[in-house]
A.B. asks: 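The structure follows.
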Amino acid sequence: MPSEGNDFPGIDGSPRSTGDEPLNRLADAVRRISAVAVGHPLPDGEIAEAADQLVRIADGLERSAPASKRPRFQPSGHPQDFFPMSPMIGFANPIAPPVEIWSVQGEGGRREIRGRATFGYAYEGPPTCVHGGIIAELFDEVMGAANLVTDNPGMTGTLTVRYRRPTPLLAPLDIVARFTGAERRKVFTWAGIYHDGALTAEAEGIFIKMDPNRLLDIASTNAGAADEQVIDDDLAQLIAKKAGS
């Protein structure tokens, strides 16, 4: 659960997607396993025993899982709740750190994103440093959230990352992301990561506003290329409706 402090939970109240639900507990357990498996030497016997147990669990979950895709909902409310299955901010996603984010009023009263994260061993690049690709992924996600809270959603067009200094592993980091302007279909956004008040990395992004019908075309094309169902039933109905019209 996120702790208080540093303006958390922001102007939208407390998030709803970070509680003790079974899926969040499952994701947290997998994160703990990943952290110890990647970061610490373990006896081979214990690794083998754990692997056997996890294989049985994975087999059981796969047998229970229907072929349908989990539904996705339109982002609304608290920014932490925009994408509960996000690989960055999703508490229900086992590969997410997860990053905690919230919305505050920035300069001029415009909403912007604040956040914090501590990256464990699973996210290490150079020794003791957060992997640069993980930093880029984080920027992409929090800038997208900054666009959403200002009603400027878009898909990433370009992402320019400047690595000012190594970002430390297993250390508390502060995050800022803000919408900076728009020009026709282009949306401009900035984000930064800080450790102890020092900027370790920053990014500028250009996002492209997308027509809803274009998004449906992209989803339809990608669904045809996938090996299994990658769109939920509601989205499939929208695609079928568009095709029929």
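We number each residue from 1, following the sequence as shown. Since the structure is predicted, the reported quantities are computational estimates derived from the model, not experimental observations.
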A.B. asks: What pair of heavy atoms forms the shortest contact from Val99 to Ala117, and how long is it?
C.D. replies: CG2-CB, 3.8 Å

A.B. asks: Which heavy atom in Thr118 sits nearest to a heavy atom in Pro172, and how many Å separate them?
C.D. replies: OG1-CA, 3.5 Å

A.B. asks: Just wondering, are more than 12 heavy atoms of other shown residues or ligands nearer than 6.0 Å to CG in Asp52?
C.D. replies: yes

A.B. asks: Sequence neighbours excluded, which residues qualify as ring-ring contact (aromatic ring centres under 6.0 Å, His included) partners of Phe73?
C.D. replies: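 Listed in chain order: nothing, the list is empty.
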
A.B. asks: Does any pair with a residue in residues 128-145 pass side-chain hydrogen bond (donor to acceptor under 3.5 Å, both in side chains), and if so which ones, sequence neighbours excluded?
C.D. replies: Ser86-Glu141, Asp140-Thr156

A.B. asks: Name every donor-acceptor pair, under 3.5 Å, that has one atom in a side chain of residues 178-204 and the other anywhere in the protein, sequence neighbours excluded.
C.D. replies:
{"unit_1": "Arg178", "atom_1": "NE", "unit_2": "Glu112", "atom_2": "OE1", "d": "3.0"}
{"unit_1": "Arg178", "atom_1": "NH2", "unit_2": "Glu112", "atom_2": "OE2", "d": "3.2"}
{"unit_1": "Thr180", "atom_1": "OG1", "unit_2": "Phe188", "atom_2": "O", "d": "3.0"}
{"unit_1": "Arg185", "atom_1": "NE", "unit_2": "Lys209", "atom_2": "O", "d": "3.2"}
{"unit_1": "Arg185", "atom_1": "NH2", "unit_2": "Lys209", "atom_2": "O", "d": "3.2"}
{"unit_1": "Thr189", "atom_1": "OG1", "unit_2": "Asn147", "atom_2": "OD1", "d": "2.8"}
{"unit_1": "Thr189", "atom_1": "OG1", "unit_2": "Asn147", "atom_2": "ND2", "d": "3.3"}
{"unit_1": "Trp190", "atom_1": "NE1", "unit_2": "Glu202", "atom_2": "OE1", "d": "2.9"}
{"unit_1": "Thr200", "atom_1": "OG1", "unit_2": "Thr167", "atom_2": "OG1", "d": "2.8"}
{"unit_1": "Thr200", "atom_1": "OG1", "unit_2": "Ile193", "atom_2": "O", "d": "3.4"}
{"unit_1": "Glu202", "atom_1": "OE2", "unit_2": "Arg164", "atom_2": "NE", "d": "2.8"}
{"unit_1": "Glu202", "atom_1": "OE2", "unit_2": "Arg164", "atom_2": "NH2", "d": "2.3"}

A.B. asks: Throw together a table of side-chain donor-acceptor distances under 3.5 angstrom for residues 221-228, partners on residues two or more places apart or in other chains.
C.D. replies:
{"unit_1": "Thr221", "atom_1": "OG1", "unit_2": "Asp217", "atom_2": "O", "d": "3.0"}

A.B. asks: Measure across Pro94 and Ala27 and return the closest heavy-atom pair with its distance rounded to 0.1 Å.
C.D. replies: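 Here Pro94 and Ala27 meet closest at N-CB, 3.8 Å.
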
A.B. asks: Does CD belonging to Glu107 count more than 12 external heavy atoms closer than 6.0 Å?
C.D. replies: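 At most 12 heavy atoms, drawn from other residues, nucleotides or ligands, come within 6.0 Å of this atom.
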
A.B. asks: Which atoms form the tightest heavy-atom contact between Phe119 and Leu173, and what is the distance?
C.D. replies: CD1-CD1, 3.7 Å

A.B. asks: Please identify each residue that fulfils side-chain hydrogen bond (donor to acceptor under 3.5 Å, both in side chains) with Asn93, with sequence neighbours left out.
C.D. replies: none

A.B. asks: Given side chain to side chain contact (heavy atoms under 4.5 Å, CB included), test Arg114 with Ile101 step by step and report yes or no.
C.D. replies: CA-CA 6 Å; Arg114 293 290 187 275; Ile101 64 170; over 6 Å; no

A.B. asks: Show me the donor-acceptor pairs, under 3.5 Å and distance only, between side chains in residues 62-69 and residues at least two apart or in other chains.
C.D. replies:
{"unit_1": "Ser64", "atom_1": "OG", "unit_2": "Gly60", "atom_2": "O", "d": "3.1"}

A.B. asks: What are the two closest heavy atoms between Ser17 and Asp81, and how far apart are they?
C.D. replies: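 Result for this residue pair: OG-OD1, 2.6 Å.
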
A.B. asks: Take atom CD in Gln229; do more than 12 heavy atoms of anything else shown fall under 6.0 Å from it?
C.D. replies: yes

A.B. asks: Testing the basics here: between Ala219 and Leu235, what is the closest heavy-atom pair and its distance to 0.1 Å?
C.D. replies: CB-CD2, 4.1 Å

